[in-house]
2 protein chains.
Amino acid sequence: METTWLNAQDADFDAKLAALTAWSEERDEEVAHRVRGILKGVAQRGDVALVEYTNRFDRRDVSAMDELVVDQAQLQAALARIPAEQREALEAAADRVRRYHEKQKQDSWHYREADGTLLGQQVTPLDRAGIYVPGGKAAYPSSVLMNALPAKVAGVGEIIMVSPAPEGIINDMVLAAAAIAGVDKLFTLGGGQAVAALAYGTETVPAVDKIVGPGNIYVAEAKRQVFGKVGIDMIAGPSEILVVCDGKTNPDWIAMDLFSQAEHDEEAQAILVSPDADFLKQVAQSMETLAATLERETIIRTSMKHRGALIQVKDLDQAIEIANRIASEHLELSIDDAEQWAKKVRHAGAIFLGRHTPEALGDYCAGPNHVLPTSATARFSSPLGVYDFQKRSSLIGCSPEGASSLAKIASPLARGESLTAHARSAEYRIKKR
Amino acid sequence: METTWLNAQDADFDAKLAALTAWSEERDEEVAHRVRGILKGVAQRGDVALVEYTNRFDRRDVSAMDELVVDQAQLQAALARIPAEQREALEAAADRVRRYHEKQKQDSWHYREADGTLLGQQVTPLDRAGIYVPGGKAAYPSSVLMNALPAKVAGVGEIIMVSPAPEGIINDMVLAAAAIAGVDKLFTLGGGQAVAALAYGTETVPAVDKIVGPGNIYVAEAKRQVFGKVGIDMIAGPSEILVVCDGKTNPDWIAMDLFSQAEHDEEAQAILVSPDADFLKQVAQSMETLAATLERETIIRTSMKHRGALIQVKDLDQAIEIANRIASEHLELSIDDAEQWAKKVRHAGAIFLGRHTPEALGDYCAGPNHVLPTSATARFSSPLGVYDFQKRSSLIGCSPEGASSLAKIASPLARGESLTAHARSAEYRIKKR
C-alpha cells in the first residue's frame, strides 16, 4: 500500500513530519460571501427564507415551515421501527455515554473568609442548545448521542436539533437516536440556513445560545460567522489517528485500527509509530491484504497515500515525544503498561490504552465523547463535554469589614490606572472610625 | 444628567430595552484586510517584520528585535521603583486572586468498571500562553494579574506577555505586575503584529498555544483571524454594569458604582433597575452632582446619555427577570438577602452581592477574575479562569472482557453508519469461545 515511510533518526525527519501533519483550512471567499447572504436572508425573512433555501439546496418541494418539523411521535415511531439489534445498541451506547458524562458535571462552589466575605462561582446550564447533525449520504446516529447527551446531562433547558433531509429522506437511526437522547425539537434543516435559524431564531425555530456539531464547509463557515452572537464548538478538521505500537499487537488489528480512521475520507490521517521495523512491514502487508476486503478501499488508499505514514522510532520514549508534537485527535497506545505511558502524554484528544482499546469503541459506546479536537488543537482544547453546556458566574459578597479592607487595596490600584470613579466607589465602603 | 428613563410596565418596554442593550460589533473590512497583511508579514519575515511594524505603528526607532525584549532584571527594577503603597496593593491583590483561582484548578479523574475497563479524563496545562496587555494611553496593571495568574495557577509552562510601548514608554506598574505574576518573557509589541508573533512564533518570540487579553480593534481582529491555529479568549465588547437596588442603599454609592463603569469609555453601559421611583430620582440627582467632581466627566456623560438607563420595575422579581434577559457582564445586587436572590440569576458574568460589594472591588482585588463575558455572552460563556489554561484528554482503557462486550455494541452501530473498518476493528476484540 502506498504510504509515507519515515525514520525519526533521519536528519530531515522533523521537517518531513511537519509537512505531513500540516493542515490549514482553506477558507473560500466565495463560500464566505454566499454564507453571509444566507445568514442575512434568514435573519431578515425567517421561516420564508428557510423554506426557500431548503427547497433549493436540499432538492425539496415544501410549501410551509411546518413540513420541516419532525414531531416527537415521528421520533418514537422511528425508534419502534428500527431493528431490535440497532435499538438495543443505541440504548446501551446512550446509557454508557450518559454515565461517563455525569462525572463531568460541575457544581457551584463558594467559600467564606474570616471577615464574612463570600467568594465563589455559580454554575448554571445553558437555556437552549442547538445541535447540527449532518444528513444525506452519511448518516451518523452516534453524533446525535455524542452532541445531545452532554447537553442533557448539563441540564440544558431545551435541545434543538437540525439535520438536513435531502429529497425529504432522513435516516431512521438518526431519528431513533434523537428520541433516545431526549432532543426537544427537530427540524429538517441543513447548511448555512440551519445555522442561521439556530443563531437568530425565526417564527418557528427558537434561537439558541450555543451551536455544536459537525457539518460541511457551509456549516463550518456559518458557525464561524455567527460566533460571538452564539457560542460554538470547535471547527473540526479532518479526523486523525496516531497509533503507537511496540510490535507485539496482531498486525491485522493495527492495520484495521488505522483503516477505521482512513475510511472516513480522503483527507483523514492515520499514522503508525513503532520502534520495531519488522512490525511496520508486517502492518504494511496486513494493510495491503485487508484493504481489498473493504467497501471503502479507494478512500482508504487515497488517505494512506497522501496523509498516512509508518514511522520508525528509536524507542517508546521517542514515540511519545512525537505523539506530543502531533497532538493527535486519537492516540492509541497499543503497548504494555499503557496507563503508565499515558502519563507522559501532554497533548491528545483521547488516549486509547492497550491492545484491546481500538478507537472504534470510543467512537460509539465506551462512554467518552467522540467529538475531539483535531489538527493539533488538543494543545489547547478538550473533548466536547458537559462543561461546554454549563457556564459560570463569579460570586462576590463582601461583608462591611471585608469591603473596608478590600477598598484600601483597590483604591491605590484604581488611582494608578486613572480610574477615579472606581476608586471613589470603593472608598465609599471604607469604614470611618 | 441626560440618560434613558424606562418603566418595565410600559407596553413598548421590551422593544426599548432590546434596542438599548443591542450591541453588534462592527467588523471593518478595511481593518480585516490590513490585519491579514500584518499577519502574513510576521509569518513570513519574523523578527524583521516585527521591528518594521513596531517602528511604524508605535512611533519607535529600534534597529533590532533585542531592543523589544524586556528582561527579568527590568521587571524587578520596576517593582523596586514604584511607590510602596502601589507595590503592596499589587501584591495583596495578586495573593487574593491566586488564592481564589486555586479553587478552580481541575484534576484528572478516572473510574474503573467491574470488568476492569478504565474511563476518565487526564487534565494538563497548556505548554505556553500569550498575554496581550494594552499599553499607551491607558495602562492596566490589574489586567496583567487577571490574565497571567490563572495561567500560572494552571501550571502553564511558559507565560509570554506582549504590551506595546508607544514612543518607547511603558508603565512601571505594568512591569511590576508582570514581575509579581511571574511572567516568563515580555516583549514590547502591540497590535496585530504582537498577535501574529504569538500565534506563529518568530526567531525571538516563541509561538504560544493560546492568546488572551483585551486590545483595540486591530488586536481583536487579529485574534479572530488566528483563532483555530491557537486558542483565544472571548472578543470583548464594551464593559457593562447592571445595578439592581431596592432603594435602601445610599444613592451616592449607587451613582458612583454606575460611573465606575461609565468612565471606561463612551460605549460602556451602566443601567440601574429599582422598584423605587423616588430612589431613581435621587440617584439621578447624585449623578448630576458627582459627575462634576470627576476627571472623566465627559466620557461619563456621553456613556450615560447614549447607553445608560434608569429603569423602574414592579418588584425585585421583575428586576431579576430583566437581569436574566440582559445577561450583564457585571450584576450588582444592592438589596437585602442578595445571596438568596442570586440563586435566581441564570446569566451574568459576575454577581456582586449586597450594598458593600461595588464592582470596583471585583475589578482589582476581591479574588475573582475581572475578564468577564460582555454583550450577553454570559448566556453561554464564563469568566476567564484556570480552566481556560487547562485541557482534557479522554482516557479509555478496555480490559479484554470490557472490549469484547463493547465491541458487540459498537459493531452494529458502525455497520449502521456503513463504516465497516470501524466495525471490523471492534470485532477483532470480541472473545472467541
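Protein chains get the first letters and strands the later ones, always in sequence-line order, with residue 1 at the start of each. Values in this document were obtained by computation on a predicted structure and should not be read as measured data.
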When only pairs under 4.5 Å are counted, which of [options] shares the most heavy-atom pairs with chain B?
options                        : result
A:A414, A:S375, A:G416         : A:A414
A:K229, A:E88, A:E359, A:Q261  : A:K229
A:A423, A:A129, A:P373, A:S381 : A:S381
A:P412, A:P358, A:G228         : A:P358
A:G354, A:A376, A:G349, A:A93  : A:G349
A:G231, A:S394, A:G385, A:P368 : A:S394

Heavy-atom pair count under 4.5 Å with chain A, highest-scoring of [options]:
options                        : value
B:A407, B:A378, B:P125, B:A360 : B:A360
B:M234, B:K343, B:K210, B:Q86  : B:K343
B:A342, B:S411, B:G362         : B:A342
B:P141, B:A92, B:S108, B:A262  : B:P141
B:P83, B:G120, B:G402, B:S399  : B:G120
B:Y100, B:F389, B:W109         : B:Y100

Could you look at [X] and say if it's the side chain, the backbone, both or neither that has a heavy atom under 4.5 Å from chain B?
X      : value
A:L372 : side chain
A:A366 : both
A:H110 : neither
A:T293 : both
A:T377 : side chain
A:Y111 : side chain

Using side-chain heavy atoms (C-beta onward) and a distance below 4.5 Å, is [X] in contact with [Y]?
X      : Y      : value
A:H422 : B:S260 : yes
A:R128 : B:F380 : no
B:L419 : A:Y140 : yes
B:Q121 : A:P383 : yes
A:R96  : B:L406 : yes
B:D257 : A:Y428 : no

Is it the backbone or the side chain of [X] that comes under 4.5 Å from a heavy atom of chain A, or both, or neither?
X      : answer
B:E401 : neither
B:R99  : both
B:T124 : side chain
B:L258 : neither

Name all residues meeting the side-chain contact (heavy atoms from CB on, under 4.5 Å) criterion together with A:E295; count only those two or more places apart in sequence or in a different chain, and write none if there are none.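 Per chain and number, A:E295 pairs via side-chain contact (heavy atoms from CB on, under 4.5 Å) with B:T420.
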
Report the residues that fulfil side-chain contact (heavy atoms from CB on, under 4.5 Å) with A:A410, sequence neighbours left out, ordered by chain and then residue number.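 With sequence neighbours excluded, A:A410 shows a side-chain contact (heavy atoms from CB on, under 4.5 Å) to A:A426, B:L361, B:Y364, B:C365, given in chain and number order.
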
Indicate yes or no: does B:R415 engage A:E85 in a salt bridge with an N to O separation below 4.0 Å.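 A salt bridge is absent here (no side-chain N lies under 4.0 Å from a carboxylate O).
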
Is A:R424 salt-bridged to B:D252, cutoff N-O under 4.0 Å?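 Salt bridge absent between A:R424 and B:D252.
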
Give a yes or no answer on whether the side chain of [X] reaches the backbone of [Y] with a donor-acceptor pair at less than 3.5 Å.
X      : Y      : answer
B:E417 : A:S142 : yes
B:S393 : A:I351 : no
B:K391 : A:R346 : yes
B:R296 : A:S418 : yes
A:T357 : B:C398 : yes
A:R429 : B:R355 : yes
A:Q122 : B:V345 : yes

With side chain to side chain contact (heavy atoms under 4.5 Å, CB included) as the test, would you mind laying out the steps for A:Q104 and B:R392 before giving the verdict? CA-CA 11 Å; A:Q104 293 179 338; B:R392 306 171 185 86; 5.7 Å; no

Evaluate A:Y387 against B:Y387 for ring-ring contact (aromatic ring centres under 6.0 Å, His included), listing each step before the verdict. CA-CA 10 Å; A:Y387 35 79; B:Y387 35 79; over 10 Å; no

Verify whether one side chain among A:H347 and B:D209 offers a donor that lies under 3.5 Å from an acceptor in the other.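 Side chains of A:H347 and B:D209: no pair found under 3.5 Å.
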
Determine the minimum heavy-atom distance between B:L413 and A:M173, stating which atoms define it.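 Looking at all heavy atoms of both residues, the shortest contact is CD2-CE, 3.7 Å.
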
Please report the closest heavy-atom contact between A:A89 and B:I409, naming both atoms and the distance.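 It is O-CG2, 3.4 Å.
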
Using the side-chain contact (heavy atoms from CB on, under 4.5 Å) definition, which of the options B:L118, B:T117, B:I396 pairs with A:L353?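 Single side-chain contact (heavy atoms from CB on, under 4.5 Å) partner of A:L353 among B:L118, B:T117, B:I396: B:L118.
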
Starting at CG of B:D363, measure out to OG of A:S425 and round the result to the nearest 0.5 Å.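 Here the rounded value is 9.0 Å.
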
